[in-house]
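In what follows, a structure is listed as structure tokens, so that the remarks can point back to it.
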2 protein chains.
Amino acid sequence: MTRRLTTIKDIAKALGISVATVSRAMRDTYDVSAETRKLVLDTAARMNYRPNFNATGLVKSGTHKIAVIIPAITNYYFSTVITGIQEYALEQNYQVMLYLTNDSAYWETKVVRELSPSSVDGLLACITSETTDFSHFDELIDADMPLVFFDRVPDPVKTSAVVQDDYTGACMATQHLIEQGYSKIAHLAGPPGLNLTQQRLRGYLDTLKKHNLESHGVIHSGFSEENGREDMTTLFGHESPPDAVFCVNDRKGFGAILWLRERGIRVGEEVGVIGFTNDPTSRIISPSLSTIAEPAYEIGRKSCEVLIRHIQKQSYPAQEISLPTELVVRESTRRR
Amino acid sequence: MTRRLTTIKDIAKALGISVATVSRAMRDTYDVSAETRKLVLDTAARMNYRPNFNATGLVKSGTHKIAVIIPAITNYYFSTVITGIQEYALEQNYQVMLYLTNDSAYWETKVVRELSPSSVDGLLACITSETTDFSHFDELIDADMPLVFFDRVPDPVKTSAVVQDDYTGACMATQHLIEQGYSKIAHLAGPPGLNLTQQRLRGYLDTLKKHNLESHGVIHSGFSEENGREDMTTLFGHESPPDAVFCVNDRKGFGAILWLRERGIRVGEEVGVIGFTNDPTSRIISPSLSTIAEPAYEIGRKSCEVLIRHIQKQSYPAQEISLPTELVVRESTRRR
DNA sequence: AATAGTAGCGAGAACGTTATCGAAACCAGA
DNA sequence: TCTGGTTTCGATAACGTTCTCGCTACTATT
């Protein structure tokens, strides 16, 4: 069974030269004549040679691998980020290892702790909504492992981070609702611990204050459609229900729209709804969902770019990058 | 900069014992006393030791890595399959490397050809809709690389494969349309080269024949919502338009529903639409989309299970596994 | 008391590659 | 002919781990 692969030795033996020469011929041309180089490359191709990355990784410290740690991939935002990461990594000849934490702090620490620094050159991470203790990441940072956070970042971030401009996005969303004539605005917020939850909440509150409006309720919960529905029931259980809701993401927005529709409340005309993400489903749902578009793909590419720069330059200063968002107006905030 | 990691040697030196003993203590308990074993494990933890997988992979042929090659992940089905793969792999202590082909045959061959057999133990692949030449996979099979296909499989499949029961699913969908009273049924099919396209087409045609009905049109195109819309325009351009469409997947079904809605044609009552996948959006769109639910998560888990079995048992017979689908009735096929 | 058996450990090779050092071969200039 | 400088290549030691063999010391058996 033991599939024997052709090694550099086999090529050397076949050509009657030393392994050192073969090794040199395989990469740079210096210190090796053009003809032997060509000879080596030809026979390597003929013998179907593939480099053994375990061996190269052993001698030169540096596998061309990066790890991506992410809560899930079964939603538009995360899967698009991964696509961006993957494409940039492949362009730069890096390979990506995928780790899903299932949004569980337990799994996250387990995965990060078991991650062998010898098997990856760097790490791209998006923390869970439960994570409050960052010691498992700190250990890696202390060991000089290049690490870049994206989307969900620890609050005092010790390394580079790439995020969308959550604050301004929230401002735009709230501003839009106000301009459409809504005045009793509530916010379906995300898990309280997350930085992006705080930023979007702050943008919402600041914009309200700017217009001398009061918040009509803020509810923290998860990111799912079901969470959106639940939040709506509690929100509309009060004496003075809102006339618009700004949702921390589109999935909660879907829940809000469906909840309203099921109760015969006209979305847009009676109650406005705006989300955050620009999930493709926001065009499909009816009424279609206004939202703040996030540059998910670019966030993936950019964070990967920053990570690779960290890996290649030994002391590249940590930076926080914030990518702009965009308001997308659809039916769910149209008044009449 | 060079982050020095603690090795097995450091532990040996610290304890005044040989590296061999440390190595043994680290994994099996045989041939090493309980006390030295405990001593080694403790100091290993204290010195923050992480195994170097390059070294282990070099000596024992076998990295604990599997590669997953997939056209994309930005849709429900694929991202869910990956989740299943990932979870099973992690349970079995395997790590997954992700490669996206962007549904391009060029990238697929490039990725597969550059895949070093020494860096992965096995391969999980879902071919692109363009792939007609399988020589790059054959090379791996010839080199005894464990390989399992899922969802989209080559037609004469030379290794194991895990798919949903496309044929029976298509039969169920068509049968359901007929039972609902539709008789002029068309099929928005997938790319012609794909096995699953053929299976679903065959299930559709066989069921029609069983009921002595004629096909009201079959159009092959891609999997996108936009493809669905395009197919509808050509289909409804003919003199005798269908009164129901069976779509090869949900995304095309969304396109069909939206296309009909925009033209004021009542979905369900006038024209029935059924999809395939059970994408979460099929519940959200209105009218909601009837569909054939695919066991995406289970397909991921199962294919990973089969692959790991291939890796571990040297000669595990290749097998084709077909997982059952399920009819989900919603509004788009309700005749009032 | 002699022998056999076993538990526990160490020395050294091996895995495939790269890096370092030096040696041979060749050439130019004196 | 000798010296010095290239160019091209080979031997060999690493990298961190596992594996094979063998050795010691202790226990059990007779």
Side-chain angles (χ1 to χ4, degrees), chain A residues 1-41 43-44 47-65 115-121 143, chain B residues 2-41 43-44 47-65 93 115-121 143:
Chain A
M1 144 73 189
T2 52
R3 50 200 161 93
R4 258 281 290 159
L5 305 171
T6 57
T7 77
I8 222 173
K9 271 184 199 165
D10 301 326
I11 300 175
K13 197 175 293 175
L15 259 54
I17 59 178
S18 78
V19 291
T21 309
V22 177
S23 173
R24 272 184 296 236
M26 218 64 95
R27 44 217 154 87
D28 9 72
T29 173
Y30 99 105
D31 246 29
V32 60
S33 71
E35 48 182 345
T36 44
R37 181 175 146 79
K38 180 167 159 35
L39 207 62
V40 167
L41 258 44
T43 52
M47 296 176 77
N48 197 24
Y49 169 78
R50 308 284 173 100
N52 188 320
F53 292 129
N54 285 322
T56 60
L58 188 55
V59 48
K60 342 200 292 182
S61 284
T63 65
H64 258 222
K65 296 185 182 57
L115 195 74
S116 176
S118 58
S119 63
V120 291
D121 290 351
Chain B
T2 51
R3 49 201 162 93
R4 259 282 289 162
L5 305 170
T6 57
T7 76
I8 223 174
K9 272 183 198 165
D10 301 326
I11 300 174
K13 197 175 294 175
L15 259 55
I17 59 179
S18 78
V19 290
T21 310
V22 177
S23 173
R24 271 183 299 237
M26 219 65 94
R27 43 218 154 85
D28 7 72
T29 172
Y30 95 106
D31 248 27
V32 60
S33 73
E35 47 182 345
T36 43
R37 180 175 146 81
K38 180 168 159 35
L39 207 61
V40 167
L41 258 43
T43 53
M47 296 175 77
N48 198 22
Y49 168 78
R50 307 288 172 98
N52 187 319
F53 291 130
N54 286 321
T56 59
L58 189 56
V59 48
K60 341 198 294 182
S61 282
T63 65
H64 258 221
K65 297 185 181 58
N93 245 293
L115 195 76
S116 175
S118 57
S119 63
V120 292
D121 289 352

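The separation between A/Lys9 atom NZ and C/dA14 atom P is 8 Å, rounded to whole Å. Look at CG on A/Leu58: it is 17 Å from P on C/dA14, rounded to the nearest Å. To the nearest angstrom, C1' of C/dG16 lies 12 Å from CZ of A/Arg27. Whole-Å rounding puts the A/Arg24 CZ to C/dT17 C1' distance at 13 Å. Distance, A/Asn54 CG to C/dT17 C1': 11 Å, rounded to whole Å. What separates CG of B/Asn52 from C1' of D/dG16 is a distance of 5 Å, to the nearest Å. A straight line from NE2 of B/His64 to C1' of D/dT17 spans 15 Å, rounded to a whole angstrom. Computed from coordinates, the A/Ile11 CD1 to C/dT18 P distance equals 11 Å when rounded to whole Å.
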>> Using the rule given for side-chain contact (heavy atoms from CB on, under 4.5 Å), can you reason through A/Leu39 versus A/Leu15, listing the C-alpha separation, both sets of side-chain angles and the distance that settles it, and then say yes or no?
In response: CA-CA 8 Å; A/Leu39 207 62; A/Leu15 259 54; 4.0 Å; yes
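Terminal axes of the helix from C/dA1-D/dT30 to C/dA30-D/dT1 (five pairs each, C1' rotation axis) are separated by 50°, to the nearest 10°.
Toward the 5' end of DNA chain C, the nearer of the two residues B/Ile17 and B/Val59, judged by each one's closest nucleotide, is B/Ile17.
For the pair A/Ser118 (side chain) and B/Pro51 (backbone), a donor-acceptor distance under 3.5 Å is present. Between the side chain of B/Arg50 and the main chain of A/Leu115, a donor-acceptor pair closer than 3.5 Å is present. Between the side chain of A/Arg37 and the backbone N or O of A/Ala25 there is at least one donor-acceptor pair closer than 3.5 Å. A side-chain donor-acceptor contact under 3.5 Å links B/Thr6 to the backbone of B/Met47.
In this structure, B/Thr56 does not reach the D/dT18 phosphate: none of its side-chain N or O atoms is under 4.0 Å from OP1 or OP2. OP1 or OP2 of C/dT18 has at least one side-chain nitrogen or oxygen of A/Ser23 nearer than 4.0 Å. Dashed line: the shortest gap from a side-chain N or O of B/Ser18 to OP1 or OP2 of C/dG10 is under 4.0 Å. Remark: A/Ser33 is in phosphate contact with D/dC9, judged by side-chain N or O atoms under 4.0 Å from OP1 or OP2. Close to D/dG16, at under 4.0 Å from its OP1 or OP2, lies no side-chain N or O of A/Ser118.
Heavy atoms of A/Phe53 sit nowhere under 4.0 angstrom from any nucleic acid atom.
Atom CZ of B/Arg24 is separated from atom OG of B/Ser33 by 11.0 Å, given to the nearest 0.5 angstrom.
Checked by distance alone, B/Arg50 brings no side-chain donor or acceptor within 3.5 Å of a matching partner on the base of D/dG16. Below the 3.5 angstrom threshold, one finds a donor paired with an acceptor across the side chain of B/Asp31 and the base of C/dC9.
Nearest approach of A/Thr7 to A/Asp10, heavy atoms of both residues: N-OD2, 2.8 Å. For B/Val40 against B/Thr43, the heavy-atom pair with the smallest separation is O-OG1, 3.0 Å.
Closest to the side chain of A/Thr36, out of D/dC9, D/dT17, D/dC19, is D/dC9. The side chain of B/Ala55 lies closest to D/dG16 when the candidates are D/dG16, D/dT18, D/dG10.
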